[in-house]
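Let me begin by presenting the structure, written as structure tokens, before commenting on it.
Counting starts at 1 for both ligands and their atoms, in listed order. Predicted model, so just to flag it, every value in this text is computed and none were measured. These values consider heavy atoms only, across backbone and side chains, with no hydrogens, waters or symmetry-generated copies.
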Amino acid sequence: MSRIQLPRRRFLALSAAGLGGALLAGCDRLSETSEVQEVLSSAESLTYRVQRLLGGRDALAREFTEADLSPVFKVNGSSMPEGEDYAALLEGNFVDWRLRVEGLVANPLDLSLEDLRKLPQRTQITRHDCVEGWSAIGKWRGVPLAIVLQRASLLPTARFVVFHCADVYERALDGTGQYYESIDLIDAFHPQTILAHSLNDAPLSVGHGAPLRLRVERQLGYKHAKYVMRIELTDRLDRFGRGKGGFWPDRGYEWYAGI
Ligand SMILES: Nc1nc2c(c(=O)[nH]1)N[C@H]1C(S)=C(S)[C@@H](COP(=O)(O)O)O[C@H]1N2
Ligand SMILES: [Mo]
């Protein structure tokens with residue numbers, strides 16, 4: 001958590017110093033301090049810090065009513081993972097599917113869909129916003145990620161949760177292309193962050209990420225990993241894909257896609 005505290009102090013220091021005056025002075029005064037350079041170095045980290053400051057760590061995404069449900073919820077990105085493994089799981093109605101929770105945990109887990117359904121559940125009607133410019137309101141049901149993480153018992157070094165998916169979105173020459181995503185522990189323990197197994201009162205369709213997908217309601221659509229097969233707790237993101245923490249972040253999108 002100290003990672004959050006430090007940038008907050010730095011951001012406040014920046015505001016107090018008077019950004020406007022410094023800009024009038026041609027930025028010279030600003031660029032002299034390395035702390036300021038660090039804050040300004042990335043618009044993304046600024047967004048992340050500002051959202052944490054203004055939105056509060058626990059602010060909830062808006063929830064809607066049944067009357068607001070979109071008649072059609074678009075399928076976007078992968079619509080069917082390729083390969084025999086997924087096909088076999090689908091064929092067996094995901095009875096043999098297991099969610100593996102591993103990495104920096106004291107108690108690795110292997111959970112069936114049945115196991116997940118027996119845990120406390122949450123239902124939420126939320127709006128999904130895709131960067132491509134469409135939105136849809138859907139009713140999601142699943143187990144809060146916090147419950148699963150508590151059972152796995154995080155080691156003190158765990159800082160991020162990585163979601164490994166079944167689909168290869170696009171096979172690249174550098175060997176990357178498998179879809180994955182990651183979030184920090186603040187979003188991981190947020191009450192609306194759930195591992196969803198149903199949409200609009202029906203088991204997830206293949207298009208929407210069967211048998212399990214992430215809902216992380218304070219962020220954009222691409223963070224909501226579909227076809228989650230494995231959850232890995234880690235202290236660093238540079239070991240995965242191209243090192244930016246997700247398939248789309250690896251291709252230039254922000255890692256923290258707050259809305
Ligand atoms: N595994 C996986 N997860 C994914 C994607 C994908 O291609 N593969 N696409 C993302 C994007 S860009 C969006 S908008 C949503 C789409 O979810 P939907 O198909 O249920 O609408 O899933 C996200 N999660
Ligand atoms: Mo998206």
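If you look at ligand 1, the protein residues with a non-hydrogen atom under 4.0 Å away are F73, K74, V75, N76, G77, S78, H128, C130, W134, C165, D167, Y169, Y179, G207, H208, R213, G221, Y222, H224, A225, K226, Y227.
The pair E232-R239 meets the salt-bridge criterion, since a charged nitrogen lies less than 4.0 angstrom from a carboxylate oxygen. Ion pairing between R127 and D129 holds under the 4.0 Å rule for side-chain N and carboxylate O.
Each of Y180, F163, Y169 was scored for a ring-ring contact (aromatic ring centres under 6.0 Å, His included) with F247, with one residue passing: Y169.
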Audit row: L145, I194, side chain to side chain contact (heavy atoms under 4.5 Å, CB included) steps and yes/no: CA-CA 5 Å; L145 179 59; I194 65 173; over 6 Å; no

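Residues L185 and L154 form a side-chain contact, since some pair of their non-hydrogen atoms from C-beta on lies under 4.5 Å apart.
Judged by distance alone, with hydrogens and angles left aside, the side-chain atoms of Y227 form no donor-acceptor pair with the main-chain N or O of C165 at under 3.5 Å.
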